[in-house]
Amino acid sequence: MNGSINKTMNKNVKVNNKTYMLTVTALMTAVTCVLAPMSVPIGPVPISLTNLAIYFALYLLGWKMGTVSYIVYLIIGIVGVPVFSGFTGGFAKLLGPTGGYIIGFIPMAIIAGLVIEKSGSRILHFIAMVVGTAVCYAFGTAWFCVVMKSDVAAALGMCVFPFIPGDIAKIVIAMVAGPILKKRIQKAGVRL
């Protein structure tokens with residue numbers, strides 16, 4: 001009898017964890033949909049909170065579902081819902097000067113998420129988020145150069161260097177708040 005109760009409880013925990021993962025994935029997609037459009041235009045590439053939302057998703061969901069939450073956001077934007085920076089949407093946004101950054105968030109999430117999920121080292125988390133952000137910068141800058149017919153030096157001056165301090169601040173915020181949120185959720189009885 002005790003064995004069947006344990007099996008039933010384990011099955012319920014697995015169902016609850018799946019429900020949690022789906023719910024938090026949808027929630028983090030919604031958070032990204034809210035934060036990303038609120039951007040500050042400082043040139044052809046605006047400052048947005050998209051990467052901060054992604055970092056939180058990675059801490060709460062791991063690399064797979066964190067990346068999925070961003071991809072769902074991306075699909076929502078591609079179909080025309082105005083969730084991209086400046087409250088824009090549609091496939092044309094990917095073809096514009098910021099399209100490479102929008103796509104670059106995917107490898108950023110995978111790189112940072114794998115390390116966040118597999119390592120407990122805050123130093124490695126920081127390095128992984130910096131490397132992931134650099135990869136996102138590379139995608140975005142390359143695409144910006146193609147679309148705007150810009151040379152690399154000019155593109156870096158407009159699209160990368162002004163963003164480094166803010167992105168470092170977002171990484172630090174995620175490193176401090178992400179593990180705290182995860183611990184509180186685990187303390188509530190949800191295993192991540």
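All values reported here derive from a predicted model rather than from experimental measurement.
- The CD1 atom of Ile173 sits 8.5 Å away from the CG atom of Leu49 when rounded to the nearest 0.5 Å.
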Side chain to side chain contact (heavy atoms under 4.5 Å, CB included) for Phe56 and Val31? Distances and angles first, verdict last. CA-CA 10 Å; Phe56 280 132; Val31 167; over 6 Å; no
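- Closest approach of Ala53 to Leu35, counting heavy atoms only: CB-CD1, 4.1 Å.
- In this structure, Thr25 has no side chain to side chain donor-acceptor pair (under 3.5 Å) partners at least two apart in sequence or on a different chain.
- Side chain of Thr98 to main chain of Tyr101: no donor-acceptor pair is present (N/O by atom type, distance under 3.5 Å, no hydrogens or angles).
- Residues satisfying the side chain to side chain contact (heavy atoms under 4.5 Å, CB included) test with Val130, not counting sequence neighbours, are Phe126, Ile168, Ile171.
- Here the side chains of Val135 and Met108 are not in contact, with every heavy-atom distance at 4.5 Å or above.
- The distance from atom CG of Leu94 to atom CD1 of Ile103, rounded to the nearest 0.5 Å, is 5.0 Å.
- Taking 4.5 Å as the limit, some side-chain heavy atom of Ile106 sits within range of a side-chain heavy atom of Leu74.
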After noting the C-alpha distance and the side-chain angles of Leu61 and Met28, does the key distance pass the side chain to side chain contact (heavy atoms under 4.5 Å, CB included) rule? CA-CA 9 Å; Leu61 295 166; Met28 291 313 301; 4.0 Å; yes
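- The two residues Thr29 and Ser69 come nearest to each other via the heavy atoms OG1-O, 3.0 Å.
- Using a 4.5 Å cut-off between side-chain heavy atoms of Ile, Leu, Val, Met, Phe, Trp and Tyr, with links allowed through other members, Met158 and Ile42 fall into the same hydrophobic cluster.
- The minimum heavy-atom distance between Ala36 and Thr50, with the atom names listed, is CB-OG1, 3.1 Å.
- Nearest heavy atom pair, residue Trp143 against residue Gly100, reads CD1-N, 3.3 Å.
- When the side chains of ILVMFWY residues are joined at heavy-atom separations under 4.5 Å, either directly or via intervening members, Tyr59 and Leu22 end up in two distinct hydrophobic clusters.
- Summarising the geometry, atom CZ belonging to Phe163 is positioned 12.0 Å from atom CG belonging to Leu156; distances are rounded to the nearest 0.5 Å.
- The distance between the ring centers of Tyr70 and Tyr73 falls below 6.0 angstrom.
- Thr133 meets the side chain to side chain donor-acceptor pair (under 3.5 Å) test with Tyr55; sequence neighbours excluded.
- Side-chain heavy atoms closer than 4.5 Å link hydrophobic residues (I, L, V, M, F, W, Y) into clusters, and following such links, possibly through other members, connects Phe144 to Val146.
- Applying the side chain to side chain contact (heavy atoms under 4.5 Å, CB included) rule to Pro41 yields no partners; only residues at least two apart in sequence or on another chain are considered.
- Closest non-hydrogen pair, Pro97 versus Val147, comes out as N-CG1, 3.9 Å.
- In this structure, Leu124 and Ser119 have side chains that are in contact, with non-hydrogen atoms separated by less than 4.5 Å.
- Atom NZ of Lys182 is separated from atom CG of Leu58 by 10.5 Å, given to the nearest 0.5 angstrom.
- With sequence neighbours excluded, the residues forming a side chain to side chain contact (heavy atoms under 4.5 Å, CB included) with Ser39 are Pro46, Ser48, Ser85, listed by chain and number.
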If you apply the rule side chain to side chain contact (heavy atoms under 4.5 Å, CB included), what do you find for Phe105 with Phe139, and how did you get there? CA-CA 9 Å; Phe105 285 130; Phe139 272 79; over 6 Å; no
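- The closest donor-acceptor contact from the side chain of His125 to the backbone of Glu117 lies at 3.5 Å or more, if one exists at all.
- Residue pairs meeting the salt bridge (Lys or Arg N to Asp or Glu O under 4.0 Å) criterion with at least one member in residues 150-171, sequence neighbours excluded: Asp167-Lys170.
- Residues Cys33 and Ile76 approach most closely at SG-CD1, 4.1 Å, considering heavy atoms.
- Of the inter-residue distances, the one linking Ile78 atom CD1 with Phe84 atom CZ reads 5.5 Å to the nearest 0.5 angstrom.
- When each of Val68, Leu114, Ile116, Val115 is paired with Trp63, the side chain to side chain contact (heavy atoms under 4.5 Å, CB included) condition holds for Leu114 and for no other.
- Atoms CD1 and CE, on Ile47 and Met38 in that order, are 14.0 Å from each other to the nearest 0.5 Å.
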